[in-house]
Structure formats: C-alpha cells, structure tokens
There are 2 protein chains.
Amino acid sequence: MKRPTIKDVAKLAKVSVATVSRALNDPETVKEETRKIVLEAVDELGYDPDPVAQALRSNKVKSIAIIVPNITNAIMAEMTRGAHEELADNGYNTVLFNSDDDFQQEVHYCQILQNTMVDGAIFVTGSGETPPVENISNDLAVCLINREIEDDKVDQVLADEKEGLQLLCYHLHKLGHDKIAFITGLATTTATQRKIAGYKEFIEEAGLKFKENYIISGHWTMNGAYMAMKELLGTEDKPTAVIVGTDTMALGALSAVRDNGLSVPEDIAVTGFDNAPGGEYYHPPLTTLKYPNYEMGQLAARAILNRLKNPQIAKKSIKLPLDITVRKSCGFRLDFAGKNNR
Amino acid sequence: MKRPTIKDVAKLAKVSVATVSRALNDPETVKEETRKIVLEAVDELGYDPDPVAQALRSNKVKSIAIIVPNITNAIMAEMTRGAHEELADNGYNTVLFNSDDDFQQEVHYCQILQNTMVDGAIFVTGSGETPPVENISNDLAVCLINREIEDDKVDQVLADEKEGLQLLCYHLHKLGHDKIAFITGLATTTATQRKIAGYKEFIEEAGLKFKENYIISGHWTMNGAYMAMKELLGTEDKPTAVIVGTDTMALGALSAVRDNGLSVPEDIAVTGFDNAPGGEYYHPPLTTLKYPNYEMGQLAARAILNRLKNPQIAKKSIKLPLDITVRKSCGFRLDFAGKNNR
DNA sequence: GTGAAAGCGCTAACAT
DNA sequence: ATGTTAGCGCTTTCAC
C-alpha cells in the first residue's frame with residue numbers, strides 16, 4: 001500500500017537497484033531488453049524516485065525561495081508569477097516567503113534560508129534596508145530584484161527608475177506643465193532615492209524652479225497618497241501635475257482630487273508609475289510607466305538557474321528600461337507616445 | 001569550509017553522533033554536563049541539522065503546496081498570505097504553484113505533487129472543474145478553498161456565496177430597486193452556480209419579475225464586466241442596480257457606465273462582491289461584501305496541519321459567512337449597514 | 001547515560 | 001552490461 005521504492009522495482013524486474021537507477025537516468029548504458037523490463041516494472045508499480053532521497057544524494061533540492069515584502073501587492077505578485085513560471089519550466093519549485101514589509105522578518109528569513117530546503121533565493125524589493133544577503137550568497141544562489149547593493153557582490157535585476165521618472169517629467173513638461181510634484185512613499189530605499197534624483201535632475205535641466213514641498217513622502221498606500229495629494233492641493237503655489245510613486249497609490253490620489261471638487265486632467269494632471277493592473281479603468285485612465293514586472297521575475301529566476309550551473313562566473317546586474325503608457329490622466333496629447341521609442 | 005554535519009559536532013564534543021542527536025532532540029535523556037559540551041560544539045561550528053536528511057528519516061518535509069489559479073489576483077494573494085503565515089508559524093514552508101487558470105495545468109500539478117517535496121496541498125478556487133484531488137488525498141493532506149466536491153471526501157473551506165449574493169440583493173431591494181441584474185464570469189464553477197441560485201431565489205421570494213437577460217456571463221476580467229455592462233445598458237428595460245461578480249470586474253463595469261454618460265449611483269447602483277483592496281477609492285467607492293480571504297487561507301492551512309497530526313479524523317467542511325460593506329456606489333442609505341448583524 | 005550500528009531511498013564508484 | 005556496495009546526514013533501536 002505504501003509508495004514503491006527502487007528496491008521494489010529491482011525485485012520485480014529481477015535486476016539490481018543500480019540497473020534500475022541507470023535505466024532511468026542513463027538509458028544508453030543498459031541493454032535495450034533489460035531497460036524494457038525495468039521500465040515495465042516501473043510502470044506496473046507506478047514508481048517515481050523519491051525526491052528527498054535524490055536531494056540527499058545530490059545535495060540539490062531543486063527549489064528556489066522567493067522573498068517578497070507583500071504577495072498581496074500586484075507588482076510583487078506579477079514578479080512572483082514570472083519567477084514561478086521560469087522555475088517550473090526548469091523543474092524547480094518555488095518556495096514563497098512573505099515578509100510583510102518587515103525588515104526584521106527579512107533578516108530572520110536570511111538566517112533560516114540556509115537551513116531550508118532551497119538551492120537559491122530571490123529577494124524582491126523591500127521598502128527598508130537590504131537584508132544581509134551577502135553572507136548567505138556563499139551557500140545559496142542569490143538574486144536581488146530592485147534592491148540596492150554594490151554591483152558586483154550579487155546578481156541583480158533592476159528597473160531603471162531614475163530614467164522612468166524623467167520620462168514622466170518630460171512627458172508632462174511637453175504637455176505644458178511647469179509645476180510638477182512628486183508623491184512617494186517613505187524614501188528609505190535607494191530605489192526611491194534614485195527616483196528623487198531623477199526628478200531633481202530633470203527640474204534642473206529643464207530650467208524649472210525646484211520647490212522642496214513638491215516632493216511629498218507619505219506611506220506606500222492608497223491612503224498615504226490620498227493624504228499627500230490633499231496636502232499638495234492645499235499649498236499656496238499648487239502644482240499642475242503630480243507624479244505618484246505607484247499606480248495603486250495613484251488611485252488614492254485621484255480620489256483626493258475628486259474630494260476636493262477638482263478634475264483630472266482638467267485641473268491637475270496625474271501619473272502613476274508601475275502599470276498596475278486596472279489602471280486603464282481608473283477614472284480617468286491612468287498614464288503610467290510600463291514596469292516589466294513579469295520579466296524581472298523571469299530574469300531573476302534565470303540568473304539563479306544560471307548561477308547554479310556556473311557558480312564561478314562574475315555577478316551580473318541587469319537594468320531594464322521603463323516605457324511610458326499614455327492614457328487620459330494627463331490630458332489628450334496622445335501623439336506624444338510615439339516619440340518615446342528607444 | 002563546507003557545512004558542518006552531526007559527525008563534526010560529535011568529533012569536537014568527543015561523543016557519539018547519537019548523543020549529539022539526543023542532546024538536540026531529547027535533551028532530558030542526556031546528562032547535563034554532556035549536553036553542555038555538545039551544545040558548545042554546536043555553537044562553535046554553527047551546526048544546524050540538514051533538513052533533507054531529517055526529511056528522509058522522518059518522511060516529513062514540512063512543506064505545504066498551495067495551488068492558485070493566479071497569484072496576481074488580489075483575492076488569491078490574500079488567501080495565500082493567510083495560508084503562508086499560518087504555515088510559517090508552525091515551521092512549515094509554502095510551495096507556490098500558479099496554474100494560470102488552466103485546468104490541464106491543475107491536473108498536471110496533481111500528478112507531480114506526489115513526487116514533490118510537500119506533505120500536503122491547498123487548492124484554491126479555479127474557474128474550471130475540480131481537479132482529481134481525491135486520488136492524491138491518500139498520500140497528501142489536502143484542503144480545498146472554494147472548490148466544489150462532495151462534503152465528506154476532503155477537507156474544505158468555503159465562503160457562503162449564496163447567502164452573500166442574497167445579502168446584496170436584499171440591500172438593493174431595501175433601497176428601492178426592483179430591477180436588479182447580475183454580471184458574472186463564465187458559470188462553470190459551482191460557486192458561480194450557487195450565486196445564481198441565490199439570485200433566483202431572492203427574486204422569487206421578493207416577488208420580483210425574473211428576467212433571463214439580467215444575468216450576464218462574460219469573462220472574469222475587468223473588460224468582461226465592461227462589455228457586460230455595456231450590453232445591460234443597451235437593453236430595453238434596463239436594470240437600476242447591478243451586482244458584479246468581483247470587485248475587480250466592478251472597476252470595468254463602473255468605467256462602462258461612465259463611458260455611456262451615466263452616473264453611479266444616480267442612474268444605476270453597482271456592487272462588487274469580494275472586497276478587493278482599493279474598492280474604497282473607486283469612483284464612487286464600491287459597496288461590496290467582506291470576503292474573508294486571509295482567514296480562509298489561514299483556516300485551510302490549519303486544516304492541513306491538523307490532518308497531518310490526526311490523519312484519521314473525519315473530513316470537515318467549514319463555511320464562512322459574508323458581510324456587507326456599504327459604500328457609496330448604491331446610494332446613501334448608509335443606515336442599512338447596521339441592520340445586517342447576524 | 002552513552003555508543004554502535006542499522007536504515008531511510010537513492011546514485012556512483014568499483015568490481016565482475 | 002550488470003551487480004555489489006559505500007555513503008549522503010540523520011534518528012532510533014538495541015546493547016552495554
């Protein structure tokens with residue numbers, strides 16, 4: 001009644017266990033006739049090698065961890081989906097870890113990861129500092145997505161957020177906006193810092209006036225953006241365009257504009273940032289950036305798989321470009337979209 | 001340089017491997033002094049038992065699979081988060097499988113699950129038929145979330161969707177609506193069929209006129225609902241209230257109303273169904289049901305853990321009630337909310 | 001209270 | 001071409 005082992009197959013086929021193993025893993029090395037008998041026995045018993053035993057022998061479990069701040073976030077989920085698919089295609093399982101945006105939790109995961117049945121780990125953007133992944137990258141194949149760490153220490157996949165933010169600024173500026181504000185979450189990540197740098201750089205290069213209170217850091221939530229937008233609308237010299245740090249946050253920002261009796265884009269232009277699903281159904285549909293979430297997950301998985309095969313090669317950083325998606329939330333010069341071909 | 005084993009610890013502590021194992025797993029059975037020496041050696045080497053070896057011995061891997069149609073869906077993600085947290089709290093890992101809403105894929109997962117390093121599996125709602133989980137429930141602890149299968153075959157966690165739909169109907173009726181339509185995805189799941197049954201039952205009991213074309217099945221997407229709403233608005237005797245199958249779909253439906261030059265709730269009342277995050281920021285904020293996603297994931301995990309401990313107990317089905325969340329998308333009789341206490 | 005040794009299921013080196 | 005056997009790292013009898 002219990003699961004058949006290689007011994008059972010050997011007995012039924014009247015060969016040694018070694019032959020069974022070979023018939024399965026190295027078919028050429030066993031005589032055609034023997035192989036046939038073995039495979040029949042395998043079939044009859046419904047035998048499948050025990051992955052745990054294989055793992056013990058080979059020291060490979062064929063599983064990869066993915067650590068996300070919050071699987072509930074559409075962006076993270078999409079990255080996870082990309083990683084999962086790539087891993088599954090290569091016979092690897094995906095072990096999920098949700099850190100609930102808690103840095104301590106991530107540190108904890110780093111510790112237990114070494115005593116967990118995984119061959120590698122993908123760390124997806126957290127809003128805090130980067131956990132101590134360098135220590136574990138000796139034992140595990142590690143890849144970071146949108147984290148910050150010195151280039152050559154560990155494999156990385158990054159989105160070019162600085163350029164992305166400038167793309168949005170450029171778009172708004174072309175539409176005639178001179179007073180562009182930026183709503184973001186807490187600026188603890190260098191990713192956010194890169195966005196802010198991109199913002200400042202653009203303001204300067206375009207010869208616009210930089211105003212400190214046009215950059216607002218609240219929470220990484222719809223409500224955070226709601227509050228931030230309220231604040232912005234209350235300022236004296238209020239902006240005519242606002243870039244919101246994520247699409248989800250933008251939903252809150254749009255809501256704040258409405259509650260103030262104003263309209264988007266007539267009174268104020270609004271953009272999102274990461275092309276979260278649903279943006280085309282917002283009111284109004286949201287101009288945003290095409291954030292290659294799925295692809296980033298996929299590439300991270302591929303980097304891990306590659307490192308598992310070739311542990312020695314130098315660490316790589318891949319930086320992906322962001323493209324603009326023009327919808328109605330900034331007004332109607334849709335023709336601009338065509339100019340953004342790189 | 002490589003990971004220390006129990007042998008290394010034994011050598012350093014000058015005891016046998018058995019003693020090391022006992023000092024760690026069964027401290028009382030070893031003399032205080034010996035134990036101290038062993039633990040010091042463990043500490044010095046930074047030893048941690050290899051989970052793979054433990055798994056081979058114990059025939060338990062301490063991992064549970066969770067199979068979702070689409071991790072990108074906020075509802076599924078929330079369930080996954082609930083399951084993950086419960087599992088993590090009990091020292092179990094969560095192995096994620098994404099089926100991309102593909103029934104064949106689910107069948108495939110059922111097959112490989114037995115040869116995968118997991119002790120159990122949670123199957124979350126798919127929009128197709130239920131995969132053949134009965135076969136595997138001998139080898140694995142299995143729990144279904146919002147799937148349909150005879151009660152006593154396997155552990156289940158369900159939402160009372162029939163009652164939920166009636167709650168929405170009742171709410172709309174109280175607000176004065178007699179022409180209530182229902183937009184759903186393809187009615188392949190019995191979950192959907194239960195909703196439809198709830199709808200019909202209410203219409204009958206309330207003495208309203210049942211109209212076949214007030215039930216529209218499209219796709220389970222924002223666009224599906226967009227199209228369905230367009231169709232509804234084009235009918236002759238058009239409804240004054242519409243219940244949409246999911247909140248995400250409702251976003252599409254709201255968009256369709258706007259595109260037709262009408263307003264919610266002035267011209268037509270709209271509800272969602274599953275309390276997806278963001279609904280309070282829709283335009284207008286969406287009346288919907290509190291769907292206990294997190295809790296369902298948690299309960300499913302708990303059921304699995306429980307079955308692993310007590311394999312013999314009878315299979316259980318847990319059905320959770322749905323509560324209404326009243327926002328602005330159906331008009332302003334907010335006082336109704338208070339009447340819904342069960 | 002502790003040690004020696006068997007064995008979980010598999011693969012690979014060695015022997016025939 | 002096939003069989004025998006050691007060993008992956010651990011836990012758990014069974015002896016002492």
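Protein chains get the first letters and strands the later ones, always in sequence-line order, with residue 1 at the start of each.
The backbone N or O of Gln114(B) sits less than 3.5 Å from a side-chain atom of Arg3(A), completing a donor-acceptor pair. Under a 3.5 Å cut-off, the side chain of Arg302(B) and the backbone N or O of Glu86(B) do not form any donor-acceptor pair. A distance-only check finds no donor-acceptor pair linking the side chain of Thr116(B) to the backbone of Val118(B) [under 3.5 Å].
The 12-atom threshold is not exceeded at CG of Asn59(B), counting heavy atoms of other residues, nucleotides or ligands nearer than 6.0 Å.
Nucleotide dT12(D) holds its C1' atom 9 Å from the CZ atom of Arg22(B), rounded to whole Å. Between the CG atom of Asp8(A) and the C1' atom of dC8(C) there is a distance of 13 Å, rounded to whole Å. Rounded to whole angstrom, the span from the CD1 atom of Ile6(A) across to the C1' atom of dT4(D) amounts to 14 Å. One interatomic measurement links the two molecules: CE of Met117(B) to C1' of dC10(C), which rounds to 13 Å at whole-angstrom precision. If you measure from atom NZ of Lys11(A) to atom P of dG9(C), you get 12 Å, rounded to the nearest angstrom. Atom P of nucleotide dA13(C) and atom CG of Asn25(A) are separated by 13 Å, given to the nearest angstrom. When the P atom of dT11(D) is taken as reference, atom CG of Asp48(B) falls 11 Å away, rounded to whole Å. Between the CG atom of Asp26(A) and the P atom of dC10(C) there is a distance of 17 Å, rounded to whole Å.
Using a 4.5 Å heavy-atom cutoff, the side chains of Asn98(A) and Asn70(A) are in contact.
Side-chain atoms of Tyr291(B) and Glu161(B) form a donor-acceptor pair, as typed in the model, at a separation below 3.5 Å.
Contacts between residues 51-58 of chain B and DNA chain D, defined by a heavy-atom separation below 4.0 Å, involve Ala53(B), Gln54(B), Leu56(B), Arg57(B), listed by number.
Across dG3(D), dT11(C), dG3(C), the shortest atom-to-atom separation from the side chain of Ala18(A) is found for dG3(D). With distances taken from any side-chain atom of Thr5(A) to the nucleotides dT11(C), dT2(C), dG9(C), the minimum falls on dG9(C).
Proximity of Lys7(A) to the phosphate of dC8(C): a side-chain N or O atom is located under 4.0 Å from OP1 or OP2. Not one side-chain nitrogen or oxygen of Ser16(A) sits closer than 4.0 Å to the OP1 or OP2 atom of dT4(D).
Looking at which nucleotide of DNA chain C each of Glu28(B) and Val17(A) is closest to, the 5′-most match is held by Glu28(B).
Base engagement by Ser21(B) is indicated by at least one non-hydrogen atom pair under 4.0 Å involving a base atom. Within 4.0 Å (heavy atoms only), Asn59(A) reaches no atom of the nucleic acid at all.
At a cut-off of 3.5 angstrom, counting only N and O atoms as typed in the model, there is no donor on one side facing an acceptor on the other between the side-chain of Arg3(A) and the base of dG9(C).
Of the candidates Leu140(B), Ile64(B), Asn90(B), Leu308(B) forms a side-chain contact (heavy atoms from CB on, under 4.5 Å) with just one, namely Ile64(B).
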